2 protein chains.
Amino acid sequence: MVSFEGFAISGSLPIYTQLILYIKRGIVAGTVCGGDELPSRRVLSALLGVNPNTVQKAYHLLEEEGIIESRSGARSFVTADGELKLRLRAELLEQDAAAWISAMKQMGLTREEALRMTEVMWDKTGGEA
Amino acid sequence: MVSFEGFAISGSLPIYTQLILYIKRGIVAGTVCGGDELPSRRVLSALLGVNPNTVQKAYHLLEEEGIIESRSGARSFVTADGELKLRLRAELLEQDAAAWISAMKQMGLTREEALRMTEVMWDKTGGEA
DNA sequence: TTAAGTGTATTATATCCGTAATACAGTTTC
DNA sequence: GAAACTGTATTACGGATATAATACACTTAA
């Protein structure tokens with residue numbers, strides 16, 4: 001069962017987008033694997049304090065991308081092979097890095113200043129190693 | 001006069017938010033300075049192919065933050081002293097770094113992998129040194 | 001002084017996001 | 001088989017975003 005313990009709504013992105021990102025990044029990290037069952041729309045919406053339609057939209061879009069599968073009446077589950085995992089990793093890393101580097105360049109930082117910034121902030125923030 | 005040559009609408013953020021970010025990052029970079037005149041609402045909206053109300057919203061919010069000033073009838077201009085520049089630099093850098101590092105940790109990257117990612121992508125993208 | 005440009009405000013419309021309340025058919029489980 | 005749960009769909013409402021069309025008073029420049 002895919003866990004949503006580490007998930008929290010934050011920022012200005014639409015909630016369904018945040019849910020999609022959480023699943024995709026979990027697949028890249030290996031914490032979400034092919035065959036894993038997903039919480040039902042109703043259960044997850046109640047857990048997060050969010051409308052069922054919002055979860056439905058996220059699941060529906062994930063299914064259109066071939067990342068999860070739904071059979072009417074039964075619980076949905078993840079369909080993630082190694083190829084998809086690699087595709088997602090490349091997509092998300094490039095996307096995030098491009099946004100970060102673009103912002104740094106717009107503010108006039110040099111490459112070394114950006115690297116030092118990453119080093120300093122990495123340990124200040126919680127999460128992982 | 002503040003130039004919007006390097007500005008382009010992109011991504012999912014509201015247009016008025018992108019305009020605000022462009023001004024703020026320009027101030028941090030030093031390309032936008034106190035006393036600089038801003039394009040009028042009508043001129044800038046025509047230049048960007050955007051509704052005048054969208055530019056008005058961005059300018060209005062910037063004025064509420066004390067970053068620009070408007071006199072009814074005359075052109076608006078930037079009011080940015082050194083203190084504001086430092087405040088903006090700290091705010092924006094921390095905000096962007098936090099988003100970037102959080103994404104990397106969610107995908108299970110180590111600190112060194114994130115640093116290497118920055119190094120590799122820095123030269124691949126256009127902009128500055 | 002007159003004309004042009006400017007900031008500001010209003011009303012209307014359309015789309016997206018999120019919530020709310022249902023409804024129905026399919027599956028799982030007892 | 002029956003109850004509970006599931007995916008799916010619909011309608012309605014409010015807020016935010018963006019567009020469109022005006023309108024008015026103020027400043028600037030010719």
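Just so it is clear: chains get the letters A, B, ... in the order the sequence lines come, proteins before strands, and each one is counted from 1. These numbers come from a predicted model, not from an experiment.
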[N] phosphate, OP1 or OP2, under 4.0 Å from [X] side-chain N/O:
X: A/Ser76; N: D/dT6; answer: no
X: A/Thr54; N: C/dT19; answer: yes
X: B/Lys57; N: D/dT17; answer: yes

Any donor-acceptor pair under 3.5 Å linking the side chain of A/Gln18 with the backbone of A/Leu13?
yes
Between N or O atoms, less than 3.5 Å apart, protein on one side and nucleotides 27-30 of chain C on the other: list the pairs.
unit_1	atom_1	unit_2	atom_2	d
C/dT28	OP1	A/Arg71	NH2	2.8
C/dT28	OP2	A/Arg71	NH2	3.2

For a side-chain contact (heavy atoms from CB on, under 4.5 Å) check, start with the C-alpha distance between B/Leu44 and B/Phe4, then their side-chain angles and the critical distance, and finish with the verdict.
CA-CA 8 Å; B/Leu44 182 55; B/Phe4 282 80; 3.7 Å; yes
Assert: residue with more 5' nearest nucleotide on DNA chain D, out of B/Arg42 and B/Asn53, is B/Asn53
Do other residues, nucleotides or ligands put more than 12 heavy atoms under 6.0 Å from A/Glu83 CD?
no
Just one of A/Arg75, A/His60, A/Arg41 clears the side-chain contact (heavy atoms from CB on, under 4.5 Å) bar with A/Ser70, so which one?
A/Arg41
If the threshold is 4.0 Å, N to carboxylate O, is there a salt bridge linking B/Arg87 and B/Asp81?
no
In terms of relative ring orientation, are A/Trp100 and B/Trp100 parallel, tilted or perpendicular, with 30° and 60° separating the classes?
parallel
Name every residue in residues 9-27 of chain A that has at least one heavy atom under 4.0 Å from any atom of DNA chain C, in order of residue number, or write none if there are no such residues.
A/Pro14, A/Ile15, A/Tyr16
